[in-house]
Structures are given as C-alpha cells and as structure tokens.
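This report concerns only the one structure given below.
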Amino acid sequence: MKQKNNIFLMLTSIIIAIMLIPLIDIIGELLSKPSENWEHIKEYLLLDYISDTILVTIPSMILALIIGVSLAWFISVYDFPFRNLLKWGLILPLAIPPYIGAYTYSGIVSYTGFIQTFLRNTLNIEANPKFFDIFSINGSVFIFTIFLYPYIYMIVRSYISNNSASIIENARLLGEKGTGIFFRIFLPISRGAIVAGTSLVMLEILSDYGVVSYFGVQTFSSAIFSSWFNFSDTNSAVRLSGILLLVVFIIITFEKLLRGNKNFSQTNSKIRQIKRKQLGSKSSFFVYFFGLTVFFLGFILPVGQLIYWAFLSYKDVLNIDFLKLIFNSIFIAIVSTIFIVIASLIIGNSTRLSKKMTSKLYSKITLMGYSIPGAIISITVILFFVDLDNILNFFIKHIGIQNINFTFSLSIYMLIFGYFIRFLGVGYQAVESGYEKNGKKFYEASKILGKNDVKTFFLIDIPMLKNAIIASFALVFVDIIKELPLALILRPFNFNTLSTKVFNYANDEMIIEASIPSLFIIFVTIIVIIFLNNMGRKKKKNVYENK
Amino acid sequence: MYMKINDLYFKYENSAVDNLKNINIEIDKGEIIGVLGESGCGKSTLLRIIAGLEIPYKGKIIINDKIIFNKKIFIEPEKRGIGMVFQDYALFPHMNIDKNITFGLKNFSRKEKREILDNMIELVGLKDHLGKYPYQLSGGQQQRVAVARALAPNPSILLLDEPFSNLDSHLKDQIRMDMKEILNKSKTTCIFVTHDKEDVLSLSSRIIIISDGVIKDDYSVEKMVDII
C-alpha cells in the first residue's frame, strides 16, 4: 500500500544513517597517507597474513562442509539407532564459541592433559608431542571445523528435510540407490543451502580473533588487533580492515551468485518429511560411529573437560566478582538486544510497507553488519566515537561551556553501538521472516478499520509478531553473550564480560579458571537453542497459524 | 448519487499496461453492486482503490458528496469510513471475536461499544460464540465475524472481496442467503467482487462486468437473468 508520510521509513532512514556514518570515517582514513608501519607490513608481513588466513579458512571450510553435509544427509534420509539423539546432539557444538573450544582443547591435548595422560598411563603409548601441537594452523583448522560445521549441518538438514521428500522418493522409485541419490539429487538440489552454510562458516572464521590469537596464527583479524594494540597504528589497522572488508564483499557477492534466488527460510506450510530408509547393521554402525565421534569431539569431550575443571576451580572463581561478570554480560546483552529488536521491528515494518528501492537497499544494509568481522566494526566504532567526542567538545567550547567534556569513546555506549551494527542483521532476519509470514492483510484490515500506522504497529503487528520477536531477542542475546572481539576492544576500562574474562584467564595461562565462565556461556546458549527449537515445534500448533 | 467513480485509471508499478482503464460507476445509497469478472481482470484492484489501499494515477472518487480521491486529494484508508471484508477475512488471530468486532470503534464509551457489539452479534447470529478466538470458528462463522467487524463502525460503504470463495460448496447457498439478510437488515451500500455468477445473482441488485481492466457491462440483475 502506498503511503504519503511513512514514519517508519523516516525512522529507518535515521537508523541506516547511524549505521553508515562510521564507515565514512574508515573511508577517510583509507584515503589518507599510509603510515611508515604500513610499508613494513606491506613488504614483510602482508603475504604471511594472506597465506595464514587462506591456510586456516579454506581447509576448515572444506572439512566443515564434508562433515556438515554428510551428517545432514544421513540424519535426513536414513533411520538408524539413536538417530534422534544425534539429530539434536550434532547441533550442540554450536553452543561452544570456537575460542572456548580452543582454550579447552589446548588443555585436553597438552602433555598433562586427558588424551596424552590416557595414552601414556592406560595404553602405554608415548605419543609424538608434534602430533598434539594444537598451537598451529592445523590446530585452528581442527577447532573451526569441529565447532562451526553445525552451521552447514543445520541449514542443509532443514532445507533437505522440508523440501525434498517427493524428489528423493521419486528418485528411489526410479531405481536410484543411496550414493546415486546423494550425488545426483541431494547435492545439486541443496547446492544453495550448502553455499549459504559454508559462507557463514567462512565469515565466522574471518571474524574470529580468540582462536587465532591464542594459537599464534597471523590471520587478518589478529593482524588488525596487533596493529591497533601493539603498534597503536590506526592507519595500518584500517588498511588491513579495508582489505578484509573487500574479501568479505567478494565472498558475499560470490555466495549470492552461487546461491541464485533461493530462499532457505521455511515458508511452505505444507511440509512433508522424507520417509526415512532403515540402514543395514554395518552401515548403521558406521554412520552412528561417525556421528558419535563428531558429537564427542564437538561437545561431550570439551564440555566434560570444562565440567571437570569447574570442580577444580569453583572455590576460586565463584565469588562476588563472578556475579558481577554475569550481571555485566546479561545487562549489556539485554540493553543491546532491546535496541536491536526495536530497530529490527521498525526497519522490518518500513521495508514491508514500502515498495521503493531505498527500502530494499535498507534491508540489504541492515543484513550487511553480520558479515563484517568484529575487528573492523571495532575500529570503525572507535574512530567514530573519538570524532564524535571531538566535534561535541569543540561545539560546546565554541558556545562558551568550558566545564563539560564529552568522553563517549570511553563509555559503554561504544560497546552497545558496536553490538548494534554487528548483530542488527541477526535480529532483523528473525523479525523480517515474521513480517513476511503475516503479510499485509492484517495491516490493511486495521487501516480500513480506522487505525493509523503507529496504532496498527502496536495493536496488530507487535502482538502478531510475538514469536518472531522472541526468536530475534534470543538469537541476538546469545550472540552477544558469546561475542569476543568487540567486547575486548570496545568495553570501557575495568568492564569485563564473561567472554573477555575467559579470554583474559586463557591468556594468563589460567585455563582451569576459565572453565566456569565458559560453562556459563555454553549453558545460556544451550538453553536458547532448546527454547528456539521448542518454539519452532509449538509454532506448528500455534493458533496464529491455524487459519 | 451516493457514490461516483469518474474516469479512473490505475497501473501497478511493475505492469506494462493499465490494470484499470476509464472506470465510471455511479451507485445509489443502499444498492448492492456485484462486480463480476475473471481472475486478474482488475475487480479486486477496484475495491482496493475505493478502500484507499491502492492509488490510481488518474480519476476521481466521491462518496456522499465528499471527494476521497482526485488529482490533489487522497484520503488515507483509516479516514475514509469504509468497511471491507477481505477474501480470507483477515480476522486478527490474537483477539477474540468481541475485540475483533469492536476494533474499529472510535470515540465510543465502553457501554456504547457493548451495545454495538450486541447488535452486530445479533445481526450475524453468533450469540453463542462470544469470547471465542477466530481459530475456534468455522469458515462461515469467521466470515460473519468479518462482516460484523466491517459493519460495526457504520461504514458509508461495505466492500466484499470474493466473500464466498473460501467456503465449501455445500455451505455457500446457506451463507449467501444469510449474507443477503444481513445486508438487507443493515441497509448498507455494498460493492462485492466475485468470479462466480451464482454469487451475483443471489446477492446483488445490479451487476458490473469487468474484463481486462475495462467495464464491459453494467445492468440490473433481472436483465442478467434474462441474458442467462
């Protein structure tokens, strides 16, 4: 429906402007004269950054792809003992942020750790320590693979389970067997979902700082941090960010080209599940062993280790400071999430109602934030807040007020703003799918019954978007609780969250003490995963969808 | 003349040709007009234009001597005082039928709202269903709630978009009769669009036939019976 003055479009324009203004700073910095350090980086280090980034990203991506796709295939198409346990268990590694996985595994595979001690004391095998050297590119690849494959597994499984029943059943009727169906039917039809999941893994790896900095791998993210922190060289950090940003845009464009116009959110209400085939006993054993191994390495072993460490360290860690950490994390996550969900609702409403190109562009810009690595957002936000302080202070001095000095760049607002840019896309996606599902008919009915846009928004849209709002809130909340790079750079002095505390403990060689905050993060994430899963199931019975 | 549409032209943004061309209609107060046409001929678009949900690029619409649309004036849908029943009813699923029916009532006391609700419930015969949610009602009952909701604010015109298309064939005859009775009792001017001749014959006093966005015929229901 066309409108004269759309207040939501106006608000959306303001939100988008707020998101984009910091980028202007980074462009200005890119156009300025390079620092001396940059020449050194270009000459001696840049090649290493590029090669380390590629050596970590590409193998992790390929391995996560193989594990994620094959498990999605087995779980969707076959029946075997304990399939249901694995179906949900294989998602759980997603609850462990890779940096926590990295710290935990460094303890597990160390000389005094569980694995080497077991080999030495129980099996009498003295393993070559080189084999367990996790502080390496190979170690990073292992960590990223085992903790990020669920992105691919979840997207492909959901797509294939809900969209391919008749195609796979037809292929079976036409005489095609397991491997034939996998290569000739399953892979081609789920290509888009595979590309979407793999791109997500790639972006997560490019954005990571916790794993690579701990393992001493020089990827772009760690190089940006090192230029910023160790050399106080803003210019080089921005230049490295510029290169990384370019790579991210190439990936996104490439992903869009490969994926085509396919949409992987489930909108079809008539979902028919695949009739699963019973596997023979040998194949069942193989699939179960494979799935269980992945589940064991990705969840049971690290969580078991963390629980064990928690028993050793709880007396030292569980104190008033720990409660303060929880409060800080929850407080900052709730405040940021509220801003993000409100902005998502406003942007979602305006893009739904306006057919203009600008609103489509707004939608794309909103989603863009999640693709930008945390290190880049951090730098952008810092530069923006420093400029903001300078402008405000110049202005108030100019009008004669001398006793006020703005220092937003040292405040918690900077961190909230960073989270806002980074996770607005996550919140928006959940809200947008809710808007899409409801369509415009209720909005139009309300308008005809005399309610304006704002009243319709509060009386009709928000109550009807309840599930989407809850999902949006939960997804953003948990992402913020887990997030490390932004919190590390943008937090105010002496302000710690659970994730920064885990990072500090690990870097101070206090991995055992890091276990309790790590477990808390994992626990919150699991609760949210279970909650969202239950909500998804209940949704099918929801009164809103009975019509 | 109660309602007048003059020289109306409309084109969707992505359409190469006009979706409605040279539409001229005059309607007397209390008339029940059936707009008949094939799918995609532009009949639902015409209703949406009258409701203010789409904006034509040319033409004029007057209701009760008040211009609601011309080159300079565009009255927003919420200010037109028109009632509309959507094809799939669009009942608000999070509100019970009482709240759905009273949703459009502005500037009424609680007591007045209750009275209007009782009248509407009486009119559409759903006394035993007060307090229920839309999902607890059958298709026919939902349609009656949608009609009651549209009539409650006492609209100048009631628009019905394919009012019987979502109903099972064995229910249609009964519901057509019920609807006719409701419309006669309420004495509201009504325009409804359909692709089903039976709907038009059973409900309307006048028929407008649209094809490819143009009015092809406009005659009384008696004449249509003769033609058939």
Side-chain angles (χ1 to χ4, degrees), chain A residues 1-9 261 269 345 349 351-360 434-470 538-547, chain B residues 10 12-14 47-57 73-96 99-108 132-137 139 142 146 149-155 157-159 161 166:
Chain A
M1 191 178 84
K2 292 182 182 179
Q3 289 167 307
K4 277 180 176 172
N5 298 309
N6 187 343
I7 187 173
F8 288 95
L9 193 59
N261 290 325
S269 57
L345 284 166
N349 202 26
T351 51
R352 173 183 67 146
L353 298 179
S354 171
K355 290 174 191 162
K356 288 179 187 163
M357 275 301 286
T358 41
S359 67
K360 281 184 187 153
Y435 272 123
E436 258 176 37
K437 199 168 192 180
N438 291 341
K440 277 162 75 174
K441 63 184 177 184
F442 299 108
Y443 166 81
E444 291 179 344
S446 168
K447 291 279 281 180
I448 288 173
L449 288 162
K451 301 287 188 275
N452 62 24
D453 282 0
V454 178
K455 277 189 180 163
T456 301
F457 180 68
F458 285 108
L459 292 173
I460 303 300
D461 292 327
I462 289 192
M464 288 191 64
L465 286 169
K466 198 177 79 189
N467 282 338
I469 293 170
I470 294 170
K538 271 186 198 160
K539 241 171 146 181
K540 288 174 188 162
K541 296 175 194 164
N542 198 303
V543 290
Y544 295 179
E545 293 170 31
N546 272 17
K547 177 76 188 81
Chain B
F10 175 83
Y12 281 109
E13 267 171 33
N14 51 0
L47 280 201
R48 291 175 62 81
I49 289 171
I50 296 169
L53 300 172
E54 302 289 349
I55 306 177
Y57 69 84
I73 298 169
F74 173 75
I75 307 285
E76 296 278 337
E78 63 266 33
K79 292 174 187 159
R80 290 193 178 195
I82 286 173
M84 183 163 175
V85 177
F86 288 76
Q87 193 170 353
D88 51 5
Y89 318 133
L91 295 177
F92 305 128
H94 58 293
M95 295 180 185
N96 62 24
K99 285 193 175 146
N100 260 289
I101 292 171
T102 54
F103 183 82
L105 299 178
K106 267 194 277 188
N107 308 322
F108 287 97
K132 284 188 180 171
Y133 282 83
Y135 75 95
Q136 293 172 305
L137 303 176
Q142 288 185 12
R149 184 177 73 175
L151 287 174
N154 193 21
I157 286 182
L158 179 66
L159 307 173
D161 188 3
N166 270 353

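Every chain is numbered from 1, with letters handed out A, B, ... down the list of sequences.
Of the two parts of B/K106, only the side chain, counted from C-beta on, holds a non-hydrogen atom closer than 4.5 Å to a non-hydrogen atom of chain A. The part of B/F86 that comes within reach of chain A is its side chain, from C-beta onward, which places non-hydrogen atoms under 4.5 angstrom from that chain. Using a 4.5 Å cut-off between heavy atoms, B/L159 does not touch chain A at all. No part of A/T456 comes within reach of chain B, as not one of its non-hydrogen atoms sits under 4.5 angstrom from that chain. In this structure, chain A has no heavy atom under 4.5 Å from any part of B/P134.
Looking only at side-chain heavy atoms (C-beta outward), A/L459 and B/F92 stay at 4.5 Å or farther from each other. Between B/M95 and A/I460, some side-chain heavy-atom pair lies under the 4.5 Å cut-off.
The distance from atom NZ of A/K441 to atom CG of B/L91, rounded to the nearest 0.5 Å, is 9.5 Å. Rounding to the nearest 0.5 Å gives a distance of 9.0 Å between CD1 of A/I448 and CZ of B/R149. The line from CD of B/E78 to CD of A/E444 is 12.0 Å long, rounded to the nearest 0.5 Å.
Partners of B/D161 according to the side chain to side chain contact (heavy atoms under 4.5 Å, CB included) rule, which considers only residues two or more places apart in sequence or in another chain, are B/S44, B/L47, B/M84, B/Q87, B/V193. Among residues two or more places apart in sequence or in another chain, the side chain to side chain contact (heavy atoms under 4.5 Å, CB included) test is passed with A/F457 by A/F8, A/L345, A/N349, A/Y435, A/D461, A/I462.
When atom types are taken as modelled, the side chain of A/K451 and the backbone of B/F103 share a donor-acceptor pair closer than 3.5 angstrom.
Closest approach of A/L449 and B/A150 over heavy atoms only: CD2-CA, 4.5 Å.
At most 12 heavy atoms of other shown residues, nucleotides or ligands fall within 6.0 angstrom of atom NZ in B/K99.
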